[in-house]
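What you see is a predicted model, and the numbers here were worked out from it, not measured in a lab.
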Amino acid sequence: IKTLRAAGLPTVMWGLQNEPWVSNAHYSACRYPDSPSYVRAYRAVASAVRRYDARILLFADTEDSFPRKIAPAMPDPEIAALVDAYVVHT
């Protein structure tokens, strides 16, 4: 985000990873096999993004149908405060 900003390209939204179940050679990725591993990574990075620039919209999941990676953690107010939107593949 800092590199993009320094190049004159502001970041207006951010998500941890497209298709968080994917881990292959098609593009750089981490694999989050379950909700707790995704939430742990999301909390750490989204918190840093929010501290850096609170105007950046934070979106979670990017899976098909129900947002099953982040949804189990949404009752936690700390997590809910870090999710401005879901991205759902159809």
Is there a side-chain contact between Arg5 and Asp53, using heavy atoms and a 4.5 Å cut-off? yes

same_hphob_cluster(Tyr52, Leu82) at 4.5 Å side-chain heavy-atom cutoff: yes

What one should report as the nearest heavy-atom pair of Tyr42 and Phe59 is CE1-O, 3.5 Å

Which atom of Arg50 lies closest to which atom of Ala81, heavy atoms considered: NH1-O, 2.7 Å

Sidechain-backbone polar pair: Tyr86 side chain, Ala71 backbone, donor-acceptor under 3.5 Å: no

Where is the tightest heavy-atom contact between Ala73 and Ile79, given as atom of each residue plus distance? O-CB, 3.6 Å

Set out, in order, the CA-CA distance, both residues' side-chain angles and the distance that settles side chain to side chain contact (heavy atoms under 4.5 Å, CB included) for Leu16 and Lys69, then state yes or no. CA-CA 11 Å; Leu16 183 59; Lys69 289 284 192 279; over 6 Å; no

For the hydrophobic clusters of this structure (ILVMFWY residues joined by side-chain heavy atoms under 4.5 Å, transitively), does one cluster hold both Val12 and Leu57? yes

What one should report as the nearest heavy-atom pair of Ala46 and Leu58 is O-CD1, 3.8 Å

Let me check something: do Val87 and Ile1 share a hydrophobic cluster, defined by ILVMFWY side-chain heavy atoms less than 4.5 Å apart, either directly or through other members? no

Quick one: closest heavy-atom pair of Thr11 and Ile56, and the distance? O-CG1, 3.4 Å

